[in-house]
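Written below as structure tokens is the structure these notes are about.
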Amino acid sequence: MKRKQNLIIFSAGESVRNGSVDYLKEKLSEKNICCRDWRELFKNANDSEHIALLPVLMKKIPTFDFALVFAEGVDSTFAHGETQRSMRDNVLFELGMSIASLGAERVILLAQDNVHIPDDLAGIGKIGVDCIRFHEDELDESVEAVESSIVRKTELFEEVEAFFVL
């Protein structure tokens with residue numbers, strides 16, 4: 001039996017408050033994927049006002065098998081001559097931290113269909129980050145796509161590992 005894959009979820013606070021993160025955690029857990037919201041890493045902190053987030057995240061992210069960066073269009077930015085829906089700047093930063101910590105092939109960007117993706121990430125499928133777009137009314141379909149991505153990548157990693165063990 002294959003072990004459960006461990007997934008850390010990064011998102012804006014709005015995605016927690018509107019229930020999207022809990023919904024994703026529940027649905028992915030039903031698919032035998034162990035999910036943790038990144039905020040859970042700090043719930044037992046003695047002094048939540050003075051937590052050094054960056055060093056803790058840099059230490060903890062590599063302990064996960066995958067990172068899911070959930071990007072809802074909670075902000076607006078002006079780019080390329082127009083106003084666009086965009087992910088929170090901290091979510092974009094967490095995407096970069098996840099890529100640096102786990103490698104692009106272990107990061108999944110789940111982005112609302114109206115969210116602007118920076119130009120340097122436009123070719124993300126080619127560098128290893130899976131970008132799954134979703135419509136706010138169709139989150140169930142994206143859960144299936146996230147699971148498929150994890151299964152496919154896990155099988156690929158196992159094949160590569162088996163090749164090098166021989």
Side-chain angles (χ1 to χ4, degrees), residues 4-39 41 57-58 60-160:
K4 277 187 169 186
Q5 295 298 302
N6 293 308
L7 175 81
I8 186 167
I9 301 175
F10 290 100
S11 71
E14 287 83 356
S15 300
V16 172
R17 288 187 287 281
N18 71 21
S20 297
V21 171
D22 283 340
Y23 182 81
L24 286 169
K25 284 175 56 179
E26 176 187 332
K27 293 299 181 183
L28 289 167
S29 293
E30 290 172 4
K31 298 187 176 299
N32 206 32
I33 299 168
C34 182
C35 303
R36 289 188 73 188
D37 176 24
W38 73 272
R39 293 160 191 85
L41 301 176
L57 288 174
M58 289 173 64
K60 292 289 189 175
I61 293 172
T63 67
F64 290 87
D65 298 310
F66 292 93
L68 176 65
V69 179
F70 186 61
E72 289 187 289
V74 296
D75 284 339
S76 295
T77 54
F78 188 77
H80 308 287
E82 62 181 300
T83 301
Q84 302 172 339
R85 301 300 310 156
S86 60
M87 65 183 95
R88 274 280 142 90
D89 52 359
N90 66 294
V91 175
L92 183 59
F93 180 73
E94 291 153 357
L95 173 64
M97 283 186 59
S98 296
I99 292 169
S101 296
L102 294 172
E105 64 281 352
R106 291 188 178 272
V107 178
I108 301 165
L109 174 60
L110 180 55
Q112 197 168 15
D113 57 5
N114 64 346
V115 170
H116 170 71
I117 303 296
D119 291 342
D120 287 350
L121 292 174
I124 48 182
K126 293 178 176 65
I127 63 165
V129 174
D130 278 352
C131 181
I132 300 167
R133 292 287 195 159
F134 73 95
H135 187 273
E136 61 187 291
D137 298 332
E138 299 169 353
L139 202 50
D140 279 338
E141 293 170 12
S142 58
V143 168
E144 297 294 328
V146 169
E147 178 199 21
S148 294
S149 176
I150 290 172
V151 167
R152 180 176 40 81
K153 289 177 180 230
T154 300
E155 289 171 355
L156 179 63
F157 300 147
E158 288 170 353
E159 287 175 19
V160 169

Okay, side chain of [X], backbone of [Y]: is any donor-acceptor separation there less than 3.5 Å?
X      : Y      : value
Arg36  : Ile8   : no
Asp65  : Asn6   : yes
Arg133 : Gln112 : yes
Ser148 : Glu144 : yes

| field | salt bridge (Lys or Arg N to Asp or Glu O under 4.0 Å) assessment of Glu14 paired with Arg88 | value | CA-CA 10 Å; Glu14 287 83 356; Arg88 274 280 142 90; 2.8 Å; yes
Compare all side-chain heavy atoms of [X] with those of [Y] and state whether any distance is below 4.5 angstrom.
X      : Y      : value
Cys35  : Lys4   : no
Lys31  : Val143 : yes
Leu28  : Leu68  : yes
Asn114 : Gln84  : no
Ile33  : Val146 : no
Leu109 : Val107 : no
Gln5   : Cys34  : no

| task | Given side chain to side chain contact (heavy atoms under 4.5 Å, CB included), test Val69 with Val129 step by step and report yes or no. | result | CA-CA 10 Å; Val69 179; Val129 174; over 6 Å; no
Rounded at 0.5 Å granularity, tell me how far [atom1] in [X] sits from [atom2] in [Y].
X      : Y      : atom1 : atom2 : result
Thr77  : Glu82  : OG1   : CD    : 9.5 Å
Ile132 : Ser149 : CD1   : OG    : 5.5 Å
Thr83  : Asp75  : OG1   : CG    : 12.5 Å
Met58  : Met97  : CE    : CE    : 6.5 Å
Leu24  : Leu139 : CG    : CG    : 5.0 Å

| Could you walk me through whether Phe134 and Glu72 pass the side chain to side chain contact (heavy atoms under 4.5 Å, CB included) check? | CA-CA 9 Å; Phe134 73 95; Glu72 289 187 289; 4.1 Å; yes
Taking all heavy atoms of [X] and all of [Y], pick out the closest pair and write down the distance.
X      : Y      : answer
Ala12  : Val91  : N-CG2, 3.4 Å
Phe64  : Leu41  : CZ-CD2, 4.2 Å
Ser11  : Val16  : OG-CG2, 3.9 Å
Arg85  : Val74  : NH2-C, 3.2 Å
Leu110 : Ser142 : CD1-CB, 3.5 Å
Ala71  : Met87  : CB-CB, 3.7 Å

| request: Go through the steps for Lys25 and Val21 under the test side chain to side chain contact (heavy atoms under 4.5 Å, CB included), then give the verdict. | output: CA-CA 6 Å; Lys25 284 175 56 179; Val21 171; 4.1 Å; yes
| said: Test side chain to side chain contact (heavy atoms under 4.5 Å, CB included) on Asp130 and Arg152; report intermediate values, then the result. | reply: CA-CA 11 Å; Asp130 278 352; Arg152 180 176 40 81; 2.6 Å; yes
| Phe10 and side chain to side chain contact (heavy atoms under 4.5 Å, CB included): which partner among Asp37, Leu57, Leu95? |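 Answer after filtering Asp37, Leu57, Leu95: Leu57.
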